[in-house]
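Note sheet for the following structure.
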Amino acid sequence: MSPRDEARTPGAPAGNISVVHLPNSWFILCASRELGRKPLARTLQGTPLVLFRGEGGKPAALLDRCPHRNVPLSLGKVVSGQLQCGYHGWTFDAAGECRAIPGLFGDTRAKARCAASYAVREQDGFVWVYSTPGVEPTTEPYRFPLLDAQGYSTVRRILKAPGSLHSTLENTLDVPHTAFLHGGLFRTAEKTNEIEVVVRRSSTQVEAEYIGESQPKGLVGRVLAPSGAVLQHFDRFLLPSIAQVEYRIGDDSHLMVTSAMTPVSDWETLVYAVVTFRLPIPHWLVKPFLTPVALHIFSQDARILKRQTDTIHRFGTEMYVSTELDVLGPAILRLLRSVEREKVKPADEPVQETRLKMLV
């Protein structure tokens with residue numbers, strides 16, 4: 001195989017820029033409703049895991065490999081709150097300890113017979129798993145805002161993005177592409193309005209506030225603010241993998257799109273999107289419209305992420321040239337790298353603020 005052919009072979013290229021592997025971080029592995037009586041196979045950052053409901057229905061997560069003969073534990077079944085391997089019947093509790101080996105006399109709980117276990121939390125209708133096995137977390141998972149707020153409605157969706165965690169996060173929070181990839185829904189390619197962008201950075205998040213932006217053009221803008229009003233627009237990234245877009249239009253319209261992203265592998269990301277909104281029109285009229293429009297927008301993003309990933313694989317490397325208009329992408333990558341290197345700065349570090357101009 002020639003070097004040119006090798007460059008076209010799919011896989012994570014050496015020296016890639018955007019791929020990260022994050023230790024000591026919480027990620028959603030499934031919605032609560034997806035985890036029932038049967039074990040559920042999932043992958044986190046390339047590592048196969050198995051989820052199951054243990055004693056009292058509490059979710060648990062183990063490495064999806066029986067230490068006896070390497071069979072996936074997800075092929076087994078749950079028996080009395082414990083996970084039984086489908087090959088020889090070895091049985092494991094939520095901590096990964098082997099509690100039964102059929103036909104064996106004596107204690108079964110030798111260290112070598114244990115399956116690696118991962119901390120789990122169930123909240124807001126999702127099952128979160130800690131990415132480092134065998135440790136007690138010092139943090140808790142992210143809490144989705146406004147789920148129980150009076151006057152708000154919520155829509156949830158689980159989506160697959162064919163891109164790295166970083167590229168998917170950046171795509172979600174990138175303003176300039178919306179005029180071209182989503183033309184007619186948010187903005188147009190014509191640049192007529194100069195706005196100010198305030199970027200605030202800390203050790204755990206980065207936020208962009210867009211000041212002076214007019215009501216969004218296109219179909220989405222007409223739904224959010226049918227009568228027109230002053231617009232407040234914020235885009236945020238919060239470690240380890242939360243992308244948030246917030247619009248406030250006047251006193252009556254408020255839209256919050258919060259996406260918790262899970263890196264399944266280097267080049268595949270699951271997006272757990274929670275949309276909460278308050279509008280001056282009946283919500284039952286909006287929901288049937290909101291879902292297909294949002295899915296259409298995401299399908300456009302997914303297609304471009306797929307082509308981006310394919311191009312990276314064809315060339316065997318990544319290339320990123322940024323300008324001031326790439327407001328959040330470089331900052332997101334720096335924060336992700338700080339987690340990967342376990343060099344996150346203290347949370348009380350002062351917020352840094354910069355300002356720039358942009359035409360939209």
Side-chain angles (χ1 to χ4, degrees), residues 17-18 20 163-218 220-221 224-225 228-250 253-259 261 297 300-301 304-305 308 318-339 343-360:
I17 297 169
S18 70
V20 294
S164 69
L165 175 63
H166 170 256
S167 62
T168 308
L169 285 164
E170 182 182 35
N171 168 268
T172 303
L173 299 174
D174 176 58
V175 167
H177 88 273
T178 60
F180 298 91
L181 188 61
H182 312 304
L185 290 173
F186 284 104
R187 300 171 179 88
T188 66
E190 184 182 359
K191 309 296 184 183
T192 59
N193 185 27
E194 180 181 300
I195 65 172
E196 184 177 30
V197 186
V198 181
V199 182
R200 303 179 182 92
R201 302 179 184 86
S202 73
S203 60
T204 58
Q205 70 176 73
V206 58
E207 173 190 86
E209 179 184 2
Y210 298 87
I211 300 173
E213 188 174 3
S214 60
Q215 177 186 337
K217 298 179 176 66
V220 174
L224 290 175
V230 176
L231 172 68
Q232 290 180 288
H233 173 196
F234 299 87
D235 288 344
R236 303 183 185 93
F237 167 69
L238 302 88
L239 284 175
S241 63
I242 306 296
Q244 190 172 78
V245 178
E246 180 178 13
Y247 283 101
R248 290 183 179 272
I249 305 177
S253 296
H254 186 201
L255 175 72
M256 183 86 78
V257 182
T258 305
S259 300
M261 303 198 181
I297 292 169
Q300 294 175 326
D301 286 326
I304 208 71
L305 286 170
Q308 180 187 50
E318 300 180 69
M319 182 177 182
Y320 283 95
V321 179
S322 297
T323 73
E324 296 89 336
L325 297 180
D326 300 296
V327 175
L328 296 179
I332 291 171
L333 187 57
R334 283 194 294 270
L335 288 172
L336 291 173
R337 289 295 186 207
S338 73
V339 176
K343 293 184 177 180
V344 179
K345 296 178 181 179
D348 58 357
E349 184 186 46
V351 175
Q352 299 178 3
E353 185 174 291
T354 59
R355 294 172 180 262
L356 60 97
K357 299 291 185 179
M358 177 186 293
L359 283 175
V360 296

Heavy-atom check, side chain of V175 versus side chain of Y210, under 4.5 Å: yes
Side chain to side chain contact (heavy atoms under 4.5 Å, CB included) evaluation trace for T354 with R201: CA-CA 9 Å; T354 59; R201 302 179 184 86; 3.4 Å; yes
Reported CG-to-CG distance for the pair L356 and L325, which is rounded to 0.5 angstrom: 7.5 Å
Spatial distance of atom CD (E209) from atom CZ (R355) [nearest 0.5 Å]: 8.0 Å
Sequence neighbours excluded, every pair satisfying salt bridge (Lys or Arg N to Asp or Glu O under 4.0 Å) that has a member inside residues 324-335: none
Y320 versus E170, closest heavy-atom pair with distance: CE2-OE1, 4.4 Å
Euclidean distance, S167 OG relative to D174 CG, rounded to 0.5 Å: 11.5 Å
Pair Q232-R248, side-chain donor/acceptor within less than 3.5 Å: no
Heavy-atom pair with the smallest gap, counting every atom of R337 and V20: NH1-CG1, 3.3 Å
From F237 atom CZ to L328 atom CG, the distance as rounded to the nearest 0.5 Å: 10.0 Å
Separation between CD of Q300 and CZ of F180, rounded to the nearest 0.5 Å: 14.0 Å
Atom of I195, atom of I211 and distance for their closest heavy-atom approach: CB-O, 3.3 Å
Over 12 non-hydrogen atoms of neighbours within 6.0 angstrom of CD in E353: yes
Member of I332, V206, V327 meeting the side-chain contact (heavy atoms from CB on, under 4.5 Å) criterion with L173: I332
Plane angle bin for H233 and Y247 - parallel if under 30°, tilted between 30 and 60°, otherwise perpendicular: parallel
Verdict with supporting geometry, E194 and M358, side chain to side chain contact (heavy atoms under 4.5 Å, CB included): CA-CA 6 Å; E194 180 181 300; M358 177 186 293; over 6 Å; no
Side chain to side chain, H254 and E246, heavy atoms closer than 4.5 Å: yes
Minimum heavy-atom distance between P240 and L336, given as atom pair plus value: O-CD2, 3.3 Å
Within-4.5 Å side-chain heavy-atom neighbours: M261 and T172: yes
Over all atoms of both residues, closest heavy-atom pair of V197 and A208: CG1-CB, 4.1 Å
Nearest-0.5 Å distance, CG of residue L305 to CG of residue N171: 4.5 Å
Heavy-atom pair of closest approach, residues A243 and L169: CB-CD2, 3.9 Å
